[in-house]
Amino acid sequence: AMVPLPQELVERLIAERRKHVVPSQLRPLASQFAQQCLGVLFPHFAPAVVCSEDSVREDLIQLEEALRRLERSVGVLHAAMPEQLATRFFEGLSGVHARLSDDAQAIFEGDPAAKSVDEVLLTYPGFFAIAVFRVANLLHRLGMPLLPRLLTEVAHEKTGVDIHPGATIGRRFCIDHGTGIVLGE
């Protein structure tokens, strides 16, 4: 038999839920976006790789659609959203890719146990955390609310590395294993 539930508690919880309407799929969408974005930037993270201009363009279109879905979901919680977010995001993505390529190379050069840059990309939790951070940081700098923090939480949950999306991190940044690392804004 169930314990009788206090009506006051039920009413309070209903009132709280009405006040805070959070899109139910926001966390999973953020996680999917992180994986999708890394899959576009590096084939190591992609579920399938087709090496043609049409395929790359289609991947970018799908990434834009995912970003716009997230923008709408976050927009439910925040009235002020950045102007031309998708356009500005894609303008900055090339720089993110260049920085991440430098980061992967630096990790490879700095870790005698690493046998290749591919190994770094495929297996290093520190690289994953840095990669998600760099995407989140771009969105943070563009003024996107909430999503950058959700993205860095994806990396935190997976790797134990917690990097605030507003942190300032230079080129050729290295984290090897990284469990328990916290970098604030």
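Residue numbers count from 1 along this sequence.
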Rounded to the nearest 0.5 Å, how far does CG of L142 lie from CD of Q84?
11.0 Å
For A30 against L147, the heavy-atom pair lying closest together:
CB-CD1, 4.0 Å
Look at the aromatic rings of F42 and F127 and report parallel, tilted or perpendicular, splitting at 30° and 60°.
perpendicular
Mind listing the closest non-hydrogen atom pair of L151 and A34 along with its distance?
CD2-CB, 3.9 Å
Step by step, would you call L150 with F33 a side chain to side chain contact (heavy atoms under 4.5 Å, CB included)?
CA-CA 10 Å; L150 285 169; F33 179 77; over 6 Å; no
Consider only side-chain heavy atoms of I, L, V, M, F, W and Y, link residues closer than 4.5 Å, and tell whether I169 and L38 are in one cluster.
yes
Hey, could you give me the CG/CD distance between L85 and E64, rounded to the nearest 0.5 Å?
10.0 Å
Run the salt bridge (charged side-chain N to carboxylate O under 4.0 Å, His left out) test on E91 and R88 for me, step by step, so that the C-alpha distance in whole Å, both residues' side-chain angles and the decisive distance to 0.1 Å come before the verdict.
CA-CA 5 Å; E91 287 170 354; R88 294 167 53 220; over 6 Å; no
Do I130 and I107 touch side chain to side chain, with heavy atoms closer than 4.5 Å?
yes
Check whether any side-chain heavy atom of F90 sits under 4.5 Å from a side-chain heavy atom of L63, and report yes or no.
yes
Can you see which heavy atom on P125 is nearest to which on T159, and at what distance?
O-CG2, 3.4 Å
Measuring only between side-chain heavy atoms, which start at C-beta, is L67 closer than 4.5 Å to C37?
no
Do you know which two heavy atoms are closest between A66 and Q36, and how far apart they sit?
CB-OE1, 3.3 Å
Within the structure provided, determine whether E58 and S55 are in side-chain contact (heavy-atom separation under 4.5 Å).
no
Check: V40 and F45 side chains under 4.5 Å, non-hydrogen atoms:
no
More than 12 non-hydrogen atoms from neighbouring residues, nucleotides or ligands closer than 6.0 Å to CZ on R172, yes or no?
yes
Are side-chain heavy atoms of I175 and D103 found at a separation under 4.5 Å?
no
Does atom CD of E8 have more than 12 heavy-atom neighbours, drawn from other residues, nucleotides or ligands, at distances under 6.0 Å?
no
Output the distance between atom NE2 (H156) and atom CZ (F133), rounded to the nearest 0.5 Å.
15.0 Å
Parallel, tilted or perpendicular: which fits the ring planes of H164 and H140, with parallel below 30° and perpendicular above 60°?
perpendicular
Those residues at least two apart in sequence (or on a different chain) that pass salt bridge (charged side-chain N to carboxylate O under 4.0 Å, His left out) with R149 are E153, D162
Same apolar cluster: M81 and F89, side chain cutoff 4.5 Å:
yes
Spacing of CD1 belonging to I163 relative to OG1 belonging to T152, to within rounding of 0.5 Å:
8.0 Å
Do L5 and I14 land in one hydrophobic cluster if side-chain heavy atoms of ILVMFWY residues count as linked below 4.5 Å?
yes
Are the side chains of L26 and L70 in touch, meaning some heavy atoms are under 4.5 Å apart?
yes
CE of M144 to CG of L146: how many Å apart, nearest 0.5 Å?
8.0 Å
State plainly whether one hydrophobic cluster holds both L93 and V56, where clusters connect Ile, Leu, Val, Met, Phe, Trp and Tyr through side-chain heavy atoms under 4.5 angstrom apart.
yes
Compare every heavy atom of P82 with every heavy atom of P145, then report the nearest pair and how far apart it is.
CD-CD, 4.1 Å
Straight-line distance of Q105 CD to L100 CG, nearest 0.5 Å:
13.0 Å
Smallest separation among heavy atoms of P148 and P165, with atom names
CB-CB, 3.6 Å
Please report, to 0.1 Å, the donor-acceptor pairs under 3.5 Å made by any side chain of residues 71-80, with sequence neighbours excluded.
from, atom 1, to, atom 2, distance (Å)
S73, OG, R69, O, 3.2

Could you go step by step and tell me if C51 and V49 meet the side chain to side chain contact (heavy atoms under 4.5 Å, CB included) rule?
CA-CA 6 Å; C51 300; V49 179; 4.0 Å; yes
Do L122 and V161 sit in one hydrophobic cluster, given that two such residues count as connected whenever their side-chain heavy atoms are within less than 4.5 Å of each other, even indirectly?
no
Would you indicate whether the side-chain heavy atoms of R134 and L138 approach each other to under 4.5 Å?
no
